[in-house]
Amino acid sequence: MNITPLKRSHILKMAMSSSEQGSSEPFATKAVKITCVVLVYWFVSITMVFVNKYLLASPVLQLDAPLFVTCFQCIMTVLLCFLLNTLAMLCPNLVKFPFIAFDFKVSREVLPLSIVFIGMITFNNLCLKYVGVAFYNVGRSLTTVFNVLLSYVMLKQTTSLRAILCCCIIVGGFCLGINQEGAAGSLSWSGVMFGVMASLCVSLNAIYTKKVLPAVDGSIWKLTYYNNINACILFVPLIIITGELKVLYNFDKLGSHSFWTIMVLGGVFGFAIGYVTGLQIKFTSPLTHNVSGTAKACTQTVLAVSYFEEAKTVLWWMSNLLVLIGSFAYTWVKGLEMKRVQAQTLNKNQERNEAKV
């Protein structure tokens, strides 16, 4: 299950299509393709959140087994990886997928990342279980802040003042959102804490992914495969310890076809989000992808408020706006900084070449 997102340069490799956008392609054709890709990304991402919310906290299901739901989605990811691997061997011209064969040594090397990965997807689902879909984006908004903190603590990378100011805007929106949820009587401190932990694990996941990628030959698909296999194994004792086996035993819809259809659907969308994310970056750019993600989060919030018929104050909407503005501004600032570094590197290389001549 890939809920959350890896480093953008790594996710890009997840796009299975090997065709590149031709420079001679008509603008109208490019625009149609980009629009379709963005719409697919929005559909998959938003649908996945609503499906997971139903599985985790629906009063109709009344299933209090978030670890089981998360574990099943990991199982679905492993099965889909195996299916694509088989199709790639049978139809190599139609399906592009790296050859995957389980190696215990590789699995052991990936294990530290898998522990962080388990924390990421578990806390993510627990946050969604206890907070509304409308507040979900704010509840998990501190990923960018943790990226800055962990980059400094673990990688000794400093951050510009402008980027730090963007993080302050995000923190301000997060705090205002908590205040307004509390004023409305719908605040869940458990959900907030799970959201903070999920944000922390997303940041740690990105850092550890860099370290572990060489063990899987730089393949995100292989990393996904081993991560989810390890997760499936590690989830078993957690499910037993938390007493979810008893919950499942007493669950009256365990034999329902509709329940398992929704479960499978959640697993498929959890697997698909990684692919469509890479596809969107491939057809646009990392910056455009982040802008699209920001717009998608806004749309998701509006849809949730409308669907659940919730009444929100102006300050509540302001908290969401601050988080969105801060996230977009951070992406924009980092994009400008990367361009500046690339330009400086290019100029230095040119000066060296001229000096040699």
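None of these values were measured; they are calculated from a predicted model.
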Notebook entry, point to check: Just checking, is any N or O donor in the side chain of S292 or W42 under 3.5 Å from an acceptor N or O on the other one?
Noted result: yes
Item checked: M48 CE to Q300 CD distance, which is reported to the nearest 0.5 Å -> 8.5 Å
Note to self: Taking the side chain as everything from C-beta on, heavy atoms only, tell me whether N52 gets closer than 4.5 Å to Q73.
What the structure shows: yes
Check: Quick one: ring pair (Phe, Tyr, Trp, His ring centres under 6.0 Å) partners of F146, sequence neighbours excluded?
Finding: none
Next item on the list: Kindly compute the distance separating NZ (K246) from CD1 (I240), expressed to the nearest 0.5 Å.
Entry: 15.0 Å
Note to self: Ignoring hydrogens and geometry beyond distance, is a side-chain donor-acceptor pair present between S258 and S256 at under 3.5 Å?
What the structure shows: yes
Notebook entry, point to check: Can you name the nearest heavy-atom pair linking E244 to D64, along with the distance?
Noted result: CG-O, 4.4 Å
Margin query: Which residues pass the ring pair (Phe, Tyr, Trp, His ring centres under 6.0 Å) test with F174, not counting sequence neighbours?
Written below: none
Next item on the list: Return the minimal non-hydrogen interatomic distance between V333 and R162, and the atom names on each side.
Entry: CG1-CB, 4.1 Å
Notebook entry, point to check: Under 3.5 Å, side chain of D103 to main-chain N/O of K105, donor-acceptor pair present?
Noted result: yes
Next item on the list: Test M193 against F123 for side chain to side chain contact (heavy atoms under 4.5 Å, CB included), laying out the working first.
Entry: CA-CA 9 Å; M193 293 308 300; F123 289 131; over 6 Å; no
Check: Does the gap between the ring centers of Y226 and F102 come in under 6.0 Å?
Finding: yes
Check: Do W317 and V305 come close enough that some side-chain heavy atom pair is under 4.5 Å?
Finding: yes
Next item on the list: Could you tell me whether a side-chain N or O of S141 sits under 3.5 Å from a main-chain N or O of V138, the two making a donor and an acceptor?
Entry: yes
Check: Which residues pass the ring pair (Phe, Tyr, Trp, His ring centres under 6.0 Å) test with Y225, sequence neighbours left out?
Finding: none
Next item on the list: Any ring pair (Phe, Tyr, Trp, His ring centres under 6.0 Å) involving residues 238-264? Give me the pairs, sequence neighbours left out, ordered by first then second residue.
Entry: F72-W260, F251-F259
Notebook entry, point to check: Between K30 and K33, is any pair of side-chain heavy atoms under 4.5 Å apart?
Noted result: no
Next item on the list: Using atom types as modelled and distance alone, determine if a side-chain donor or acceptor of N228 lies under 3.5 Å from a backbone N or O of T224.
Entry: yes
Next item on the list: Please examine the side chains of V276 and I273, heavy atoms only from C-beta on, and report whether any two atoms are closer than 4.5 Å.
Entry: yes
Check: So do S190 and F194 actually touch side chain to side chain, heavy atoms under 4.5 Å?
Finding: yes
Next item on the list: Can you measure from CG (L126) to OG1 (T70) and round to the nearest 0.5 angstrom?
Entry: 7.0 Å
Next item on the list: Considering non-hydrogen atoms only, spot the tightest contact between T143 and S203 and give its length.
Entry: O-OG, 3.1 Å
Note to self: For a quick test of reading the model, state the closest non-hydrogen atom pair linking L315 to L176 and the distance between them.
What the structure shows: O-CD2, 3.6 Å
Next item on the list: Compare every heavy atom of G173 with every heavy atom of S319, then report the nearest pair and how far apart it is.
Entry: CB-O, 3.3 Å
Check: Transitively linked via ILVMFWY side-chain contacts under 4.5 Å: L245 with L67?
Finding: yes
Checklist line | Main-chain N/O of I100 paired with N85 side-chain donor or acceptor, under 3.5 Å | finding: yes
Next item on the list: Applying side chain to side chain contact (heavy atoms under 4.5 Å, CB included), run through V202 and R140 and close with a yes or a no.
Entry: CA-CA 10 Å; V202 168; R140 287 192 60 255; 3.5 Å; yes
Item checked: salt bridge (charged side-chain N to carboxylate O under 4.0 Å, His left out) against K296, all qualifying residues, sequence neighbours excluded -> none
Item checked: side chain to side chain contact (heavy atoms under 4.5 Å, CB included) partners for A297, two or more places apart -> N137, L324
Note to self: Test your reading of the model: is there a side-chain donor-acceptor pair from T242 to the backbone of I239, 3.5 Å cut-off?
What the structure shows: yes
Margin query: Could you list the cluster mates of L39? Members are the ILVMFWY residues connected by side-chain heavy atoms closer than 4.5 Å, either directly or through other members.
Written below: none
Next item on the list: State plainly whether one hydrophobic cluster holds both I169 and I178, where clusters connect Ile, Leu, Val, Met, Phe, Trp and Tyr through side-chain heavy atoms under 4.5 angstrom apart.
Entry: no
Checklist line | Other cluster members, L79 - Ile/Leu/Val/Met/Phe/Trp/Tyr, side-chain contacts below 4.5 Å | finding: I75
Next item on the list: Apply ring pair (Phe, Tyr, Trp, His ring centres under 6.0 Å) to Y307 and list each qualifying residue two or more places apart in sequence or on a separate chain.
Entry: none
Next item on the list: Mind checking the CG-CD1 spacing from N227 to I118? Nearest 0.5 Å is all I need.
Entry: 8.5 Å
Margin query: side chain to side chain contact (heavy atoms under 4.5 Å, CB included), that's the test. Do L150 and L200 meet it? Break it down for me.
Written below: CA-CA 9 Å; L150 293 178; L200 173 61; 3.9 Å; yes
Checklist line | Distance-minimising heavy-atom pair for V51 and G266 | finding: CG1-CA, 3.8 Å
Notebook entry, point to check: Can you name the one residue among I229, I121, I233 that meets side chain to side chain contact (heavy atoms under 4.5 Å, CB included) with C74?
Noted result: I121
Next item on the list: State, yes or no, whether a side-chain contact exists between Q180 and F135 at a heavy-atom distance under 4.5 Å.
Entry: no
Margin query: Could you list the cluster mates of M89? Members are the ILVMFWY residues connected by side-chain heavy atoms closer than 4.5 Å, either directly or through other members.
Written below: F99
Notebook entry, point to check: Quick one: do F43 and F50 end up in the same hydrophobic cluster if we chain Ile, Leu, Val, Met, Phe, Trp and Tyr together by side-chain heavy atoms under 4.5 Å apart?
Noted result: yes
Item checked: Salt bridge flag under 4.0 Å for residues E337 and R340 -> no
Next item on the list: First locate atom CG of L113, then atom CG of L223, and finally report the distance between them rounded to the nearest 0.5 Å.
Entry: 5.5 Å
Margin query: Taking side chain to side chain contact (heavy atoms under 4.5 Å, CB included) as the definition, give me every residue that meets it alongside A88, ordered by chain and number, with sequence neighbours left out.
Written below: V95, F97
Notebook entry, point to check: Are V110 and K222 side-chain neighbours, meaning at least one heavy-atom pair lies under 4.5 Å?
Noted result: no
Next item on the list: Look up atom OG1 in T144 and atom NZ in K334, then write down how far apart they are to the nearest 0.5 Å.
Entry: 10.5 Å
Check: Is a side-chain donor or acceptor of N230 paired with a backbone partner of S107 at a separation under 3.5 angstrom?
Finding: yes
Note to self: Hydrophobic cluster membership, with links at side-chain heavy-atom distances under 4.5 Å among I/L/V/M/F/W/Y: are V60 and L63 in one?
What the structure shows: yes
Next item on the list: With side chain to side chain contact (heavy atoms under 4.5 Å, CB included) as the test, would you mind laying out the steps for T122 and M197 before giving the verdict?
Entry: CA-CA 10 Å; T122 300; M197 293 303 298; over 6 Å; no
Next item on the list: Following the transitive rule for hydrophobic clusters with a side-chain heavy-atom cut-off under 4.5 Å over Ile, Leu, Val, Met, Phe, Trp and Tyr, establish whether V236 and L238 coincide in one cluster.
Entry: yes
Check: Other than L161, which residues form its hydrophobic cluster under the rule that side-chain heavy atoms must be closer than 4.5 Å?
Finding: L165
Notebook entry, point to check: Heavy-atom distance under 4.5 Å between the side chains of L234 and L111, does that happen here?
Noted result: yes
